[in-house]
> 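Below you will find the structure I want to go over with you.
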Amino acid sequence: MTLRTSDRITVGDRAAGTARALAPLLAEAGLALPGGSVLAGAFAAELLTPPVPGAVRTGLIWSTTCPVAHDDTVHTDVLVTRVAAGTVDRYVRLLDDTGTVREHGTETWRFEDPAAAPAQPALDFCTAEWGELLRARLDEDRDFASSLSNWDGTIGLRCDDRELHLRIYKGRIVDVTRRTPHGATFTFVAPAHLWTEVVLAERDEFMRRAIAGEFTSTGNGYEYLRLTKPLNIVIVHARALAQEVRP
């Protein structure tokens, strides 16, 4: 497996693996699983993915789109999606030889020493610290203020289990909080790997991916569509924050 990482593990680090036939891969590891076992893909991904140096895996959430079979040839693609207070989350995709994602999941790794993986607020999407950094930039953006000059409401931003609310009144962000009393007018929803890919992409691909339906929303769908411009500006500044940390 070829690793493409910085000296210190960082959100956006990627690893791409060498393809292996599933049956001999499992056999070499001493795993005798029946054909079509729902565990085969998760075990294969673990065998094909290098561990986080110095850390212990403490959690795994795994999903199957189309279970891999023993005659499949598979490889993994790994993306670091969060580094915070001594923990690292990685999104792992298990692909077949056509490049189709068959199974995927998120691993959590923990360091004994939290200093080994310090928090990265500019890349810790939808946390309060990230929200305050975002507000500092949006407060200086005249286009953002103009696009919401007559609006009174709350924009929610969600990344996995983290949610942030931007309370806005006539173009000004008056509060940044995890929850507002009456909830968000609408909430923009994306999993951590999509946040990571969009924010760290070489080009701004937000609108293209939004049109393709890769993101979802909750709450008032009309307002979500109507406020595409200010939401796009939010993503532009999220990208700028990330580039300060990881050019």
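Position 1 is the first residue of the sequence, and the numbers go up from there.
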> State whether the side chain of R90 and the backbone N or O of V80 hold a donor-acceptor pair below 3.5 Å, judged by distance alone.
no

> Is atom CD1 of I61 surrounded by more than 12 heavy atoms (other residues, nucleotides or ligands) closer than 6.0 Å?
no

> Do the side chains of V189 and F215 get nearer than 4.5 Å, heavy atoms only?
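F215 does not reach V189 side chain to side chain.
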
> Going by heavy atoms in the side chains, are T81 and L79 under 4.5 Å from each other?
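Result yes, sub-4.5 Å side-chain heavy-atom pair found.
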
> Check whether any side-chain heavy atom of H75 lies under 4.5 Å from a side-chain heavy atom of T18, and answer yes or no.
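They are not in side-chain contact.
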
> After noting the C-alpha distance and the side-chain angles of V176 and L164, does the key distance pass the side chain to side chain contact (heavy atoms under 4.5 Å, CB included) rule?
CA-CA 7 Å; V176 176; L164 181 74; 3.6 Å; yes

> Between E244 and R137 (salt bridge meaning N to carboxylate O under 4.0 Å), is one present in this structure?
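Salt bridge: yes.
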
> Above 12 or not: heavy atoms from other molecules or residues under 6.0 Å from CZ of R226?
yes

> At what distance, to the nearest 0.5 angstrom, does OG1 of T216 lie from OH of Y224?
7.5 Å

> For H165 and T180, test the side chains for any donor-to-acceptor distance below 3.5 angstrom and give the result as yes or no.
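T180 and H165 do have a side-chain donor-acceptor pair below 3.5 Å.
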
> Is the shortest side-chain heavy-atom distance between T185 and I155 below 4.5 Å?
no

> Please evaluate residues D152 and K170 with respect to the criterion salt bridge (charged side-chain N to carboxylate O under 4.0 Å, His left out), reporting the C-alpha separation (whole Å), side-chain torsions for both, the decisive distance (0.1 Å), and the verdict.
CA-CA 6 Å; D152 179 7; K170 293 186 176 181; over 6 Å; no

> Check whether any side-chain heavy atom of D96 sits under 4.5 Å from a side-chain heavy atom of V68, and report yes or no.
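SC-SC contact between D96 and V68 ruled out.
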
> Check whether any side-chain heavy atom of L26 lies under 4.5 Å from a side-chain heavy atom of H70, and answer yes or no.
yes

> Going only through I, L, V, M, F, W and Y residues with side-chain contacts under 4.5 Å, is there a path from Y91 to V52?
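Different clusters.
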
> Which atoms form the tightest heavy-atom contact between W62 and G41, and what is the distance?
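Between these two residues, the closest heavy atoms are CZ2-O, 3.9 Å.
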
> Do L138 and Y169 share a hydrophobic cluster, counting only Ile, Leu, Val, Met, Phe, Trp and Tyr and linking them when any side-chain heavy atoms are less than 4.5 Å apart?
no

> Kindly check if the number of other-residue, nucleotide or ligand heavy atoms within 6.0 Å of CD (E112) is above 12?
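Result for CD/E112: open.
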
> In plain terms, say whether R82 and D124 are close enough for a salt bridge, that is, a side-chain N and a carboxylate O under 4.0 Å apart.
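Salt bridge between R82 and D124, a charged N being under 4.0 Å from a carboxylate O: yes.
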
> Please determine, by modelled atom types, if W195 and E197 share a side-chain donor-acceptor pair under 3.5 angstrom.
no

> With a 4.5 Å limit on heavy-atom distance, are the side chains of V92 and H104 in contact?
no

> Provide the closest heavy-atom pair for A242 versus L200 in the form atom of the first, atom of the second, distance.
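The pair with the smallest heavy-atom distance is CB-CD2, 3.7 Å.
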
> Is there a side-chain contact between E107 and W109 (heavy atoms, below 4.5 Å)?
yes

> Using a 3.5 Å distance criterion without hydrogens, assess whether the side chain of R110 forms a donor-acceptor pair with backbone atoms of R57.
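Not at all, since once roles are kept as given, no pair shorter than 3.5 Å links the two residues.
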
> Going by atom types only, do D175 and T177 share a side-chain donor-acceptor pair under 3.5 Å?
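No, T177 and D175 have no side-chain donor paired with an acceptor closer than 3.5 Å.
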
> Would you say the ring centers of F188 and F206 fall short of 6.0 Å from each other?
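They qualify: ring centres under 6.0 Å apart.
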
> Rounded to the nearest 0.5 Å, how far does CG of L95 lie from OG1 of T73?
12.5 Å

> Which pair of non-hydrogen atoms, one from K229 and one from S147, has the smallest distance, and what is that distance?
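Smallest heavy-atom distance, with atoms named: CD-CB, 4.2 Å.
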
> Could you measure the distance from the CG atom of L225 to the OG atom of S217? Nearest 0.5 Å is fine.
7.0 Å

> Would you please test F186 and Y222 for ring pair (Phe, Tyr, Trp, His ring centres under 6.0 Å) and show each step?
CA-CA 9 Å; F186 68 86; Y222 170 76; over 10 Å; no

> Give a yes or no on whether a salt bridge exists between D97 and R20, defined as a side-chain N under 4.0 angstrom from a carboxylate O.
no

> Is there a salt bridge (charged side-chain N to carboxylate O under 4.0 Å, His left out) between R93 and E103? Walk through the geometry before answering.
CA-CA 6 Å; R93 301 188 304 164; E103 304 187 29; over 6 Å; no

> Distance from L94 atom CG to D77 atom CG, nearest 0.5 Å?
10.5 Å

> Answer yes or no: are there more than 12 heavy-atom neighbours, outside D113 itself, under 6.0 Å from its atom CG?
yes

> Can you check whether A136's main-chain N or O pairs, donor with acceptor, with D139's side chain at less than 3.5 Å?
no

> Is a side-chain N or O of S146 found less than 3.5 angstrom from the main chain of D143, in a donor-acceptor match?
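Checking the backbone N and O of D143 against the side chain of S146, no donor-acceptor pair under 3.5 Å is found.
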
> If only atom types and distance count, is the side chain of R246 paired as donor or acceptor with the main-chain N or O of L123 below 3.5 Å?
no

> Calculate, to the nearest 0.5 Å, the distance between atoms SG and CG belonging to C126 and D161 respectively.
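Going from the SG atom of C126 to the CG atom of D161 covers 10.5 Å.
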
> Which distance, rounded to the nearest 0.5 Å, do you find between the CG of D141 and the CD1 of I233?
5.0 Å

> Pairing donors with acceptors under 3.5 angstrom, does anything connect the side chains of T106 and D89?
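No - no donor-acceptor pair under 3.5 Å links their side chains.
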
> For D160 and A192, indicate whether the former's side chain and the latter's backbone hold a donor-acceptor pair under 3.5 Å.
yes

